[in-house]
There are 2 protein chains.
Amino acid sequence: MPPTPSTFLNGVPELLVLRLLRDREMYGYELVQAIREASADQLTFAEGVIYPLLHTLERDGALSTRRQTINGRSRVYYAVTPTGRERFDALSAHWRALTGAIATVLEAPRHA
Amino acid sequence: MPPTPSTFLNGVPELLVLRLLRDREMYGYELVQAIREASADQLTFAEGVIYPLLHTLERDGALSTRRQTINGRSRVYYAVTPTGRERFDALSAHWRALTGAIATVLEAPRHA
DNA sequence: GGTGTATGCCTTGTGGTGATAGGTATGTCA
DNA sequence: TGACATACCTATCACCACAAGGCATACACC
């Protein structure tokens with residue numbers, strides 16, 4: 001009966017991943033926690049969401065990868081490419097436009 | 001390659017339908033245009049989205065219906081029930097919490 | 001009379017995506 | 001030894017917006 005856990009979250013993982021990687025390169029496992037921490041535990045996307053997303057973004061040319069072994073564990077660092085930067089800018093603009101429009105409808109005094 | 005047209009829109013039709021019906025009862029066809037107009041054409045949900053949604057909300061007890069024939073055409077008016085009102089309040093709160101959290105991540109100066 | 005447009009309802013099929021639930025492997029610490 | 005964190009991955013499911021139709025009546029225009 002209650003809305004599904006993913007209500008309002010369509011597209012959000014991609015938006016946040018690109019946003020965080022805009023600051024600095026990170027690896028998947030790190031991103032999962034970074035999103036949770038940056039949102040004060042309000043946003044949590046599991047690895048099953050992040051890893052496939054990273055693969056898609058890399059395949060689309062939005063991210064580049066760099067492999068590195070640290071303490072015997074292998075990490076795959078992702079960085080935003082110029083294409084990815086454009087993608088983030090477009091996504092971000094889309095996000096602002098939509099949330100603005102929705103706020104307009106929600107806050108309108110009355111709908112005659 | 002660009003994000004799908006429905007990016008960021010998961011759950012939004014339900015939120016807006018309940019919001020508009022909170023003001024006054026409306027029928028499906030009317031809601032389709034009301035959403036478009038209330039958002040200055042920035043938000044458009046076709047009948048294929050709205051009608052099934054109305055049926056689901058009615059089945060869940062969030063909406064009640066009233067049939068009326070006007071000018072030979074049959075209309076189905078929908079009104080928010082107390083259950084629907086609660087649902088809207090919950091959805092609305094969820095919306096504000098998520099958009100707030102996302103804004104926090106987006107606008108953070110830097111993610112160390 | 002015929003044609004197009006608006007009104008008003010509806011359904012089916014598909015694609016995209018977050019969620020769930022696994023699996024594999026190494027390092028660390030009690 | 002066992003438990004837990006780290007770090008990668010995949011397959012399957014459920015949900016929902018979208019596209020693309022269908023059906024019927026009213027009305028305007030030519």
Side-chain angles (χ1 to χ4, degrees), chain A residues 1-18 25-37 39 42-60 63 65-78 91 94 98 102, chain B residues 1-18 25-37 39 42-60 63 65-78 91 94 98 102:
Chain A
M1 224 70 138
T4 64
S6 70
T7 303
F8 300 138
L9 292 181
N10 187 305
V12 172
E14 177 174 342
L15 180 70
L16 298 186
V17 161
L18 289 173
E25 65 173 7
M26 299 174 94
Y27 52 98
Y29 189 81
E30 185 183 12
L31 274 164
V32 169
Q33 306 171 67
I35 291 175
R36 185 160 36 78
E37 291 169 8
S39 69
Q42 295 190 75
L43 268 13
T44 296
F45 299 105
E47 302 173 20
V49 173
I50 300 302
Y51 284 116
L53 171 60
L54 291 172
H55 301 159
T56 299
L57 289 174
E58 183 192 9
R59 180 168 42 72
D60 290 357
L63 298 179
T65 62
R66 179 175 71 83
R67 271 145 228 283
Q68 187 172 3
T69 298
I70 295 188
N71 296 337
R73 293 196 202 84
S74 173
R75 291 179 180 172
V76 183
Y77 280 91
Y78 291 86
L91 257 189
H94 192 204
L98 286 182
I102 292 166
Chain B
M1 255 14 161
T4 65
S6 71
T7 304
F8 300 137
L9 292 181
N10 187 310
V12 172
E14 178 174 341
L15 179 70
L16 298 186
V17 161
L18 288 173
E25 65 172 8
M26 299 173 95
Y27 52 98
Y29 189 82
E30 185 183 12
L31 274 165
V32 170
Q33 307 172 66
I35 291 175
R36 186 158 38 78
E37 292 169 9
S39 69
Q42 293 191 77
L43 267 15
T44 297
F45 299 105
E47 302 171 19
V49 172
I50 300 301
Y51 284 116
L53 171 61
L54 290 172
H55 301 158
T56 300
L57 288 174
E58 184 192 10
R59 180 168 42 74
D60 290 355
L63 298 178
T65 62
R66 178 176 70 82
R67 270 145 229 285
Q68 187 172 2
T69 298
I70 294 186
N71 296 337
R73 294 195 202 86
S74 176
R75 291 179 181 173
V76 184
Y77 281 91
Y78 291 86
L91 256 189
H94 191 206
L98 287 184
I102 293 166

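Bear in mind the structure is a predicted one, so any value in this text is a computation, not a measurement. In what follows, chains carry the letters A, B, and so on, assigned in the order in which the sequence lines appear, proteins first and then strands, with residues in each chain numbered from 1.
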Distance in angstrom units between [X] [atom1] and [N] [atom2], rounded:
X	N	atom1	atom2	result
Tyr29(A)	dC8(D)	OH	C1'	11 Å
Leu57(B)	dC15(D)	CG	C1'	14 Å
Tyr27(A)	dC9(D)	OH	P	13 Å
Leu91(A)	dT17(C)	CG	P	10 Å
Arg75(A)	dT26(C)	CZ	P	17 Å
Ile70(A)	dG27(C)	CD1	P	13 Å
Leu54(B)	dG8(C)	CG	P	15 Å
Glu47(A)	dA11(D)	CD	P	16 Å

Minimum-distance pair of heavy atoms, taken over all atoms of [X] and [Y]:
X	Y	result
Leu63(A)	Tyr78(A)	CD1-CD2, 3.9 Å
Leu98(A)	Gln42(B)	CD2-O, 4.4 Å
His94(B)	Thr7(A)	CE1-O, 3.8 Å

Nearest to side-chain heavy atoms of Thr4(B), which nucleotide of dT17(C), dG18(C), dT10(D):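 Of the candidates, dT17(C) comes closest.
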Which nucleotide, dC15(D), dG18(C), dA7(D), lies nearest any side-chain atom of Ser6(A)?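 Of the candidates, dG18(C) comes closest.
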When the ring planes of Tyr77(A) and Tyr27(A) are compared, do they come out parallel, tilted or perpendicular, using 30° and 60° as the limits?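 Aromatic pair Tyr77(A)/Tyr27(A) classed perpendicular.
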Need to verify one output field. Residue with the more 5' nearest nucleotide on DNA chain C, Val49(B) or Ala46(A)?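 The residue mapped nearer the 5' terminus is Val49(B).
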Quick check on DNA chain C: between Gly72(A) and Pro5(A), whose nearest nucleotide comes earlier from the 5' end?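 Here Pro5(A) is the residue nearer the 5' end.
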Stepwise, does the side chain to side chain contact (heavy atoms under 4.5 Å, CB included) test hold for Phe45(A) with Leu16(A)? CA-CA 10 Å; Phe45(A) 299 105; Leu16(A) 298 186; 4.2 Å; yes
Using a cut-off of less than 4.0 Å, is there contact between a side-chain N or O of His55(A) and OP1 or OP2 of dT10(D)?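 So the side chain of His55(A) is within the cut-off, an N or O lying under 4.0 Å from OP1 or OP2 of dT10(D).
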So, is Tyr51(B) close to the dC9(C) phosphate, meaning a side-chain N or O under 4.0 Å from OP1 or OP2?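 Answer is yes, contact under 4.0 Å.
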Reckon [X] touches a base, only the sugar-phosphate, or nothing at all at heavy-atom distances under 4.0 Å?
X	value
Gly48(B)	base
Glu30(B)	nothing
Arg73(B)	base

